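Note on naming: letters A, B, ... go to the chains in the order of the sequence lines (proteins, then strands), and numbering restarts at 1 for each one. FYI, side chains are in, hydrogens and waters are out, and symmetry mates aren't considered; it's all heavy atoms of this structure. Computed from a prediction, not measured in an experiment: that's the story for all the values here.
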Protein chains: 2
Amino acid sequence: MTVPSGRRERKKAATRQKIADTALRLFLERGYDAVGIRDVAAEADVAVTTLFSHFASKEALVFEQDEDFEHRLTQAVTDRAPHEPLIPALRHEVQALVRHCTADSATPIWRMVEESPALREYEESMRLRHAESLAAAITADPGLPQDTTACRAIARFVIDAYAVAREAADPETALDEIFRMIEAAWAVTRLSGTATGTAGP
Amino acid sequence: MTVPSGRRERKKAATRQKIADTALRLFLERGYDAVGIRDVAAEADVAVTTLFSHFASKEALVFEQDEDFEHRLTQAVTDRAPHEPLIPALRHEVQALVRHCTADSATPIWRMVEESPALREYEESMRLRHAESLAAAITADPGLPQDTTACRAIARFVIDAYAVAREAADPETALDEIFRMIEAAWAVTRLSGTATGTAGP
DNA sequence: TCTTTAAAACCTAACCGTTAGTGTTACGGT
DNA sequence: ACCGTAACACTAACGGTTAGGTTTTAAAGA
């Protein structure tokens with residue numbers, strides 16, 4: 001049982017952070033492919049098995065904040081005020097994420113990602129997970145009459161918006177445009193399923 | 001010059017096909033993870049290096065027709081009659097692909113894919129490639145006034161349609177619904193240059 | 001026909017991410 | 001003070017993938 005409150009947790013977190021920091025530093029210094037897992041472990045002064053008990057794969061070392069993204073997205077759905085419309089809430093959150101990723105401090109990392117097929121692939125599978133979590137959150141919202149298919153589609157569209165905008169020359173404008181498209185796509189799902197007038201806006 | 005007319009091409013294709021057939025058979029018999037590359041090579045009676053000169057990875061053995069899909073999608077854009085609208089042409093092609101993948105003969109393969117994280121990840125990165133090819137084809141169409149961002153977004157939406165519909169309980173109906181959403185999303189991109197207000201209901 | 005060229009296939013041996021198996025340490029609860 | 005267990009360590013291996021260099025074989029020119 002026991003809330004493991006204390007030193008153990010702190011030490012574990014410190015170890016994890018040290019591994020992540022060391023890895024990122026080495027990757028940026030020498031290139032992702034030129035640095036082996038054994039190098040990272042040695043430099044962070046931990047065993048290889050310890051490294052893998054904190055991170056599921058070499059690529060996961062780069063996308064350390066993965067789960068934050070996921071939580072923020074689903075919370076944008078679940079934590080919004082009653083009757084607050086879905087799409088603008090998502091737009092707001094995605095905009096924050098895009099801003100975070102296009103900040104100057106992040107550009108070396110994204111350049112590294114673009115240059116490594118393994119990292120690009122990993123990022124894509126990450127986004128699939130995010131889309132699925134988001135779809136689950138949207139589907140679970142009792143205030144939305146849409147069916148599962150529409151929710152799953154919209155969830156993917158939102159993740160696409162993030163991906164496309166992040167790579168666009170002008171991310172803010174691109175995001176605006178794509179969310180206009182998403183808004184239109186979402187609107188038509190209201191009309192099709194039920195002839196029942198769920199009263200207008 | 002070289003029109004390497006004949007035998008060499010045929011033999012190469014035969015070798016490739018033999019490897020692919022053997023691999024698929026072994027995977028279905030014993031399970032994807034339980035079969036090693038060395039097993040496939042031995043059973044197909046080729047060297048491991050030969051196998052990798054035909055297929056870039058173990059996962060590629062399963063998605064042998066990858067490139068056909070890609071060509072058919074881009075051709076659906078480039079080969080359509082003048083003034084034929086884009087979205088219905090894409091809908092038609094995606095519907096054919098979905099039918100192909102949900103055929104009874106294909107179900108064991110997709111079950112295998114669903115059970116293997118490596119295969120799911122590979123499929124996702126495949127779809128990213130398809131979306132990028134499709135985006136390039138759409139952007140290059142001189143008859144379409146839309147900007148690059150809208151084209152890239154729509155390309156991803158179309159690939160999403162395929163992915164979501166394939167997994168839906170009723171793929172045909174799901175595809176109809178998602179393409180209604182895509183049609184709406186595409187329609188609003190035409191308006192943005194001139195007017196900012198959204199049309200009434 | 002004979003020779004030349006180069007693609008295709010071969011073999012060996014390794015590289016590197018990842019995991020299993022098996023201790024060892026030290027924190028936290030009792 | 002003592003026990004259970006979470007965190008970490010070490011070795012050795014497994015499996016996909018690649019580098020190196022050699023042999024076969026189809027295709028084209030002499």
Side-chain angles (χ1 to χ4, degrees), chain A residues 1-20 22-24 26-27 30-64 112 116-123 125, chain B residues 1-20 22-24 26-27 30-64 112 116-123 125:
Chain A
M1 299 302 300
T2 69
V3 190
S5 52
R7 183 153 20 189
R8 213 172 234 181
E9 265 189 343
R10 259 182 297 117
K11 283 202 174 181
K12 182 174 183 178
T15 301
R16 182 192 156 94
Q17 199 59 43
K18 183 171 187 183
I19 294 171
T22 305
L24 198 55
L26 291 185
F27 290 160
R30 309 182 203 165
Y32 181 76
D33 290 324
V35 178
I37 284 290
R38 291 162 179 87
D39 299 330
V40 176
E43 184 87 4
D45 200 30
V46 296
V48 171
T49 47
T50 301
L51 188 154
F52 277 108
S53 78
H54 286 276
F55 298 92
S57 66
K58 185 186 181 185
E59 296 92 54
L61 288 166
V62 174
F63 297 98
E64 200 211 338
M112 179 176 80
S116 161
L119 286 176
R120 289 192 69 90
E121 184 161 341
Y122 183 84
E123 198 206 342
S125 80
Chain B
M1 282 298 294
T2 58
V3 183
S5 53
R7 183 152 23 187
R8 205 170 239 179
E9 268 188 342
R10 260 183 295 119
K11 282 204 172 181
K12 184 174 183 179
T15 302
R16 182 193 156 93
Q17 200 58 43
K18 183 171 187 183
I19 294 171
T22 305
L24 197 54
L26 292 186
F27 290 160
R30 309 183 202 163
Y32 180 76
D33 290 324
V35 177
I37 284 289
R38 292 162 177 89
D39 299 330
V40 176
E43 184 88 5
D45 199 30
V46 296
V48 172
T49 46
T50 300
L51 188 155
F52 276 108
S53 78
H54 285 277
F55 299 92
S57 67
K58 186 187 181 186
E59 296 91 56
L61 288 167
V62 174
F63 296 99
E64 198 213 338
M112 178 177 79
S116 162
L119 285 176
R120 289 191 69 89
E121 184 161 341
Y122 183 83
E123 197 205 344
S125 80

**Q** Which atoms form the tightest heavy-atom contact between B:K18 and B:A44, and what is the distance?
**A** CE-O, 3.6 Å
**Q** In whole Å, I'd like the distance from the CZ atom of A:R16 to the P atom of D:dC8.
**A** 12 Å
**Q** May I ask you to say what A:D45 touches in the nucleic acid, namely base, sugar-phosphate or nothing, with a heavy-atom cut-off under 4.0 Å?
**A** sugar-phosphate
**Q** Let's see if you can work this out: which of C:dC27, C:dG17, D:dT17 has an atom nearest to the side-chain heavy atoms of B:S57?
**A**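 Ranking C:dC27, C:dG17, D:dT17 by closest atom to the B:S57 side chain puts D:dT17 first.
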**Q** Send over the distance from B:R7 CZ to D:dA27 C1', rounded to a whole Å.
**A** 10 Å
**Q** So B:D33, base contact, sugar-phosphate only, or nothing? Heavy-atom distance under 4.0 Å.
**A**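 The residue B:D33 makes no contact with any strand.
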**Q** Considering only side-chain heavy atoms of A:R8, which listed nucleotide, D:dA9, D:dG4, D:dT18, is closest?
**A** D:dG4
**Q** Whole angstroms only, please: what is the CG-P distance between B:D39 and D:dG15?
**A** 9 Å
**Q** Within this structure, what is the CD1-CG distance for the pair A:I37 and A:L61, rounded to the nearest 0.5 Å?
**A**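 The distance works out to 5.5 Å.
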**Q** Tell me the interatomic distance from B:R38, atom CZ, to D:dG16, atom P, rounded to whole angstroms.
**A**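 Interatomic distance, CZ of B:R38 to P of D:dG16: 7 Å.
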**Q** Nearest-Å distance, CD1 (A:I19) to P (C:dG17)?
**A**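 That distance rounds to 15 Å.
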**Q** Just the rounded figure in Å: distance from P of D:dA26 to CZ of B:R10.
**A** 10 Å
**Q** CZ of A:F55 versus P of C:dG17: gap in Å, rounded?
**A**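 From A:F55 CZ to C:dG17 P: 16 Å.
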**Q** Indicate the atoms forming the closest heavy-atom contact of A:L26 with A:V40, along with that distance.
**A** CD1-CA, 4.0 Å
**Q** Please check the phosphate of C:dC10 (OP1 and OP2 only) for any side-chain N or O of B:T50 closer than 4.0 Å.
**A** yes
**Q** I want to check one thing: is the phosphate of C:dA8, taken as OP1 and OP2, less than 4.0 Å away from some side-chain N or O of B:H54?
**A** no
**Q** B:V48 near the nucleic acid: base, sugar-phosphate alone, or nothing, with a heavy-atom cut-off under 4.0 Å?
**A**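 The answer is base, as B:V48 lies within the cut-off (heavy atoms under 4.0 Å) of a base atom.
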**Q** Within 45 degrees of the axis of the six-membered ring of B:Y32 and under 6.0 Å from its centre: does B:K58 put its NZ or CZ there?
**A** yes
**Q** With nearest nucleotide decided by heavy atoms, which residue, A:Y32 or B:T15, maps closer to the 5′ end of DNA chain C?
**A** B:T15
**Q** Once rounded to the nearest 0.5 Å, what's the spacing between atom CD of A:E59 and atom CZ of A:R120?
**A** 14.0 Å
**Q** Rounded to whole angstroms, how far apart are CZ on B:F52 and P on D:dG20?
**A**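 Checked: the CZ to P distance equals 17 Å.
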**Q** With heavy atoms under 4.0 Å as the rule, sort B:V35 into base, sugar-phosphate or nothing.
**A**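 Sugar-phosphate, no base atom in range.
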**Q** Consider the side chain of A:S53, meaning its heavy atoms from C-beta on, and name the nucleotide among C:dC11, D:dG16, D:dC8 that approaches it most closely.
**A**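 Looking only at heavy atoms from C-beta outward on A:S53, the closest nucleotide is D:dC8.
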**Q** Kindly say if A:K58 contacts the phosphate of C:dT18, meaning a side-chain N or O under 4.0 Å from OP1 or OP2.
**A** no
